[in-house]
Number of protein chains: 6
Amino acid sequence: MLLHLSTWPEIEAYLKTSQTIVVPIGSNEQHGPTGLLGTDWLCPEIIAHEAQKAEPNLLVGPTFNIGMAQHHLGFPGTISLRPSTFMAAIGDWCRSLGAHGFTKIYFLNGHGGNVPTIEAAFSELYAEASFGGRPRGFALKLKNWWELKGVMGLATRQFPTGHGSHATPSEIAVTQWAYPDHIKTAEYAPQIAPTGPIREAADFRARYPDGRMGSDPIQATPEKGGELVAEAARGLIEDVAAFSAEVAPT
Amino acid sequence: MLLHLSTWPEIEAYLKTSQTIVVPIGSNEQHGPTGLLGTDWLCPEIIAHEAQKAEPNLLVGPTFNIGMAQHHLGFPGTISLRPSTFMAAIGDWCRSLGAHGFTKIYFLNGHGGNVPTIEAAFSELYAEASFGGRPRGFALKLKNWWELKGVMGLATRQFPTGHGSHATPSEIAVTQWAYPDHIKTAEYAPQIAPTGPIREAADFRARYPDGRMGSDPIQATPEKGGELVAEAARGLIEDVAAFSAEVAPT
Amino acid sequence: MLLHLSTWPEIEAYLKTSQTIVVPIGSNEQHGPTGLLGTDWLCPEIIAHEAQKAEPNLLVGPTFNIGMAQHHLGFPGTISLRPSTFMAAIGDWCRSLGAHGFTKIYFLNGHGGNVPTIEAAFSELYAEASFGGRPRGFALKLKNWWELKGVMGLATRQFPTGHGSHATPSEIAVTQWAYPDHIKTAEYAPQIAPTGPIREAADFRARYPDGRMGSDPIQATPEKGGELVAEAARGLIEDVAAFSAEVAPT
Amino acid sequence: MLLHLSTWPEIEAYLKTSQTIVVPIGSNEQHGPTGLLGTDWLCPEIIAHEAQKAEPNLLVGPTFNIGMAQHHLGFPGTISLRPSTFMAAIGDWCRSLGAHGFTKIYFLNGHGGNVPTIEAAFSELYAEASFGGRPRGFALKLKNWWELKGVMGLATRQFPTGHGSHATPSEIAVTQWAYPDHIKTAEYAPQIAPTGPIREAADFRARYPDGRMGSDPIQATPEKGGELVAEAARGLIEDVAAFSAEVAPT
Amino acid sequence: MLLHLSTWPEIEAYLKTSQTIVVPIGSNEQHGPTGLLGTDWLCPEIIAHEAQKAEPNLLVGPTFNIGMAQHHLGFPGTISLRPSTFMAAIGDWCRSLGAHGFTKIYFLNGHGGNVPTIEAAFSELYAEASFGGRPRGFALKLKNWWELKGVMGLATRQFPTGHGSHATPSEIAVTQWAYPDHIKTAEYAPQIAPTGPIREAADFRARYPDGRMGSDPIQATPEKGGELVAEAARGLIEDVAAFSAEVAPT
Amino acid sequence: MLLHLSTWPEIEAYLKTSQTIVVPIGSNEQHGPTGLLGTDWLCPEIIAHEAQKAEPNLLVGPTFNIGMAQHHLGFPGTISLRPSTFMAAIGDWCRSLGAHGFTKIYFLNGHGGNVPTIEAAFSELYAEASFGGRPRGFALKLKNWWELKGVMGLATRQFPTGHGSHATPSEIAVTQWAYPDHIKTAEYAPQIAPTGPIREAADFRARYPDGRMGSDPIQATPEKGGELVAEAARGLIEDVAAFSAEVAPT
Ligand code: NI
Ligand code: NI
Ligand code: NI
Ligand code: NI
Ligand code: NI
Ligand code: NI
């Protein structure tokens, strides 16, 4: 089920048999000369929706499409929340879902730069309960889509060199598969982009002038994207099932 | 153009000729027995994307899909931000866009309950400049899709009675047109739901047990939805053009 | 009763028979060449105190005199809260009153620019309860004094042209009636001020150089002010009674 | 001048010769069996307005009437801001006044419980400049009215015993002088209330059941109040003049 | 006991017989030409640890070493929290300790500039309970080390002139006694530093070019420091015992 | 140099030749039956101070001793900041240091649970600059002491089994070496503690009843601790030197 295409009585009924929800989460940020600005929220959305087709009982929430991308603000089109804003928003999503009785909230993430803030947001939510000595009522899980079972192995086989860490051929392949009418081309040099630290936006643009980090995205194809989506969807179904089956300690 | 399906060089090029962007904004909340939970963010997204097809030079940003829906939290599936969180998030979206040189940020809204908070968020953003005695650098505009030229007149002709204010036949018709595979049916009584004040969630559910306010959504059809979308898309193109043409005073 | 001229045992006694309080709320901001800076908080205070004389059992709280007036900061004497600060303060007023057992808190407002932030503040307060699935314990109501029964009709008869929306002859008349020793005169042109959008302070002063919006305040007289106050006071008593009589749904 | 009874052009003119403003600040809180709830904001308002009559060139702003009174929330009628809210509001008042060119902002305070939070608010404002290594642009001063020259000496002569620290005969006398129609009487015991620490509201009410701390307010008379106001008004004029005359170091 | 050199089972056992903890709190800020940057957090730490040696059953927590020192930011090495940050942090310390069952939390302070913010933080914590009409569960106490019994008398005998208020010979003597390898010397003039108001950092450095306020720290010796520490440690043990013995009202 | 045992003129002089500072950062939280509550802030402090002895030109700041330990709040003695508070405090530390001209701020961390929040705090600081399109002025680095060159290899040789992730023999060994008078013993079972997810405090205590995660701390000895400190100190000097030598891109 897609939550946003369901009615409240349908969700009320769903909650009687399952209390798990998957939320695709990402970022809207520059992805080099050929990557879509939406790449990082489109990838987890594409994968989660694909998994939902294979496993209709998987409940997928709306996509959380703007994340923490302050370092990309030097490139037009990037939209970023400050970490403090991002935490507040994740908090309200989870408080809303928790109020309905969801006990397992699974974030499928598409942006490495989101990870620390999402985890800090989880701690902020848990802390509300911890200061009061009471149970939180829900468990939170963050998983990057490229860490789902089988995905990184496949990506390494597909792209033995030039995968890199930003504007990677794997993420671009996924969006090419889903949005074949929006495949972009560009000339860029060097073939494989440099790597280094991530700091403020001005520093980032000076280090990585076209926005790529360590990657050579020309290797992306829709076919490879389709393979990645299939692998990730399988991994997601399995991982969510394991999370749903977890029992709280007593 | 859809921003999220563009690259940063494409947005950089766009900004040389236009500095306007349209952001669909709504809410994910219960919409009665037959309305989709996503209704309020799907409607402005549907209309903005439709307008963008007719006017390719219209730049549409990602959809801001979670808004202020605290009063609907008594119904499963509703996800709400607190007003303070919503304001912080709108602020960061606008600060991001303003940093790229957008000078006209137009929010096409799908949820009446968002209006005060969005306007308060605008004031918070303007205040940053006002306390410093400097220009803000961008102008903000909020428009509800049902207030676009021609739309309310059409809806009144389509639904002379039972339009109501929440889970209206017009908004449900729009989603039926766009998502014909997700048309829901339900029996409900009374035919036209009651009206009254909006307070906290428990009060809301007690007053409006099935979630509707003043509406009889059974009148919705995909065809009527298509008419509404067409009318709204025309109105949007015209309204955005007028906003883009506004000149700041000196 | 005026709360600030009462003792706590008097309020304790009052709460045994009524749980309603009226709070005048406004703004301290420029009101054109002849309007007092306090106009927007003086008007609701004047009206509420007048109503209290006619209906001694009406409890009127201290006046909340600084509101959201960021757009007026280009004119000396304006004092504004940011929306976020304003919301926090309204929240603490209401939490204080709610802690004493007030169940109906009625804000009589004197500044249109306050409306979105006050409503957002109400939602923030309600949301605290809504996330927890519990009743809030009090109901909140916002009413602009010019929307009380009979007032706008009277103002239209008094000022058929040049009423406008800021530094209006009606609000200036009210303060002239109450503070006849502080009636100001000035020459200004054009006779009727321009209208347009409201953005940051620098933009506002450029559009509206003397601070008026759409108004010709020279038409104000103390007599007209007295008529407006009398009409508004009657309307307030009636409106508060109706609010007090409202029964929460169960 | 009273700012709220002035126009913006009058304040613009005032700023050409003086950049000092006096803001009465207090609290709305229980003051024992006979003290008005408004005592702590009425006293500085009464004194400042009286001083302004003697020295018309003294500019007095609107009264900041709600302060930090969390410990009094166990008594009906008390309205309190949390310290964090109070700080934000003081901040916005000062940022507004500073934006107009006021360089000396003088708070005449009527509530001892406000002092730490007001001073913390000052530090928060100064810190904005200090982190940036720049001048703040305005100087802030806090003065309790009972610390103005001559006042405490007079109060000690008027009330050699039973002055106490809350619901004192001196502050009640001031309000009796200004509001002779609202003088209250009550029986209470013991004659002089106990003293002790101040903690949360429940603790406070248990320690001080009728709300007084160390005081015997029956000694208050309007005449004594008038003497106190006269002394304080003289002291205020002198103290503000000295503050205005201060020169910033270079 | 020093909390940080204990295990959790030891603290669990301690709480069965006592619920009091002492937290040294200070600031890391410039202390003139010869004072250590850590002076204000080292002094209460030195005293509390010394007291703990004499009274092993005294529980001393980790030192809260960064406080509110915005005015000292013009001098390298100063680290300051904004008051709002400081309050949040004090709040979380106390909420943590309160969650374990500590009912008496005693802050031994080493920096006068911390006082208002610490007291505001206490009020913020109490307010959480006061708005809810419930007991807070713990009592908070702030004591400056120089106000412990006997200390100021001794300091006045040791330093009859030139004690001053910042970079005082007494505080420097305490650190000389504890850190004899880090005694500094410098030439400075005038012998006794000026005094005056405290505002933003730039103003402070202009008024007090070498960082001292009213003091002549050359008089400090390790011997005098040792006497002060002994006196203060005695005073602390006595004062904490009295605080522990306080019974809450019912 | 230890910053807190230096004067401001010494830091002013230091800044002329180096702009790098090391800040030990950790947490005060339960560390199983035998680990000190201060373990996580003591370890980086011990290592940084040891490195400073070998390399006197290394500037070490005060220890940031309270971090993000919400999950340990079920065990007495734990003191935790919420992530939002922790971020605000890290922010103010860095803004203070940046204001003095430090361009490289290196946090030596002792608590894995701090990592996401510290990184989110870094992003929050960078974002201030990124939204404004300006350079931040300083670079931030986070390093866990066990990730310094050579340390984890040594720990693995010392503790081939039962190292675990919380209350590890390596961290306890480090504190045993530094505080030999505070070595604790206890019986516990199982020998090697379980592992699993980290959520709120109640969940944590249910999963890990004595507070250990995956570890067998009985293997710790002061000698092993000394070896670890020596290795880590060497690694720290090298790592800080590399960070200092980094040149910003242009
Ligand atoms: Ni990506
Ligand atoms: Ni709707
Ligand atoms: Ni007005
Ligand atoms: Ni008082
Ligand atoms: Ni000091
Ligand atoms: Ni540890």
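From a predicted model like this one, the values you see are computed outputs, not experimental measurements.
With chain D as the partner, the residue from C/F86, C/Y14, C/Y179 showing the most heavy-atom pairs under 4.5 Å is C/Y179. Comparing C/G32, C/G74, C/C94 by heavy-atom pairs within less than 4.5 Å of chain D, the highest count is held by C/G32. Interface remark: of the candidates C/L42, C/L59, C/T78, C/T78 forms the most heavy-atom pairs closer than 4.5 Å to chain D.
Atom-to-atom distance recorded for D/M1:CE and C/L37:CG is 9.0 Å, nearest 0.5 angstrom. Between the CH2 atom in C/W8 and the OG1 atom in D/T34 there is a gap of 11.5 Å [rounded to 0.5 Å]. Remark: D/S96 OG to C/L81 CG distance equals 7.5 Å, nearest 0.5 Å. Taken to the nearest 0.5 Å, the NE2 atom of C/H4 stands 11.0 Å off from the OG1 atom of D/T175.
Scanning all heavy atoms of the two residues, the minimum distance from D/T7 to C/P33 falls at CG2-O, 3.5 Å. The minimum heavy-atom distance linking C/W93 with D/I66 is given by the pair CZ2-CG1, 3.1 Å. Annotation for C/G77 and D/L3: closest pair O-CD2, 3.5 Å, computed over non-hydrogen atoms. Residue C/L73 comes nearest to D/H100 through the heavy atom pair O-CE1, 3.1 Å, listed as atom of the first residue, atom of the second, then distance. Taking each heavy atom of C/T63 and D/N65 in turn, the nearest pair found is O-ND2, 2.8 Å.
Only the side chain of C/E10 comes within less than 4.5 Å of a heavy atom of chain D; its backbone N, CA, C and O stay farther away.
Side chain of C/D92 to backbone of D/R82: a donor-acceptor contact under 3.5 angstrom is found. Under the 3.5 Å distance criterion, the side-chain polar atoms of C/K184 are matched with a main-chain donor or acceptor of D/L5.
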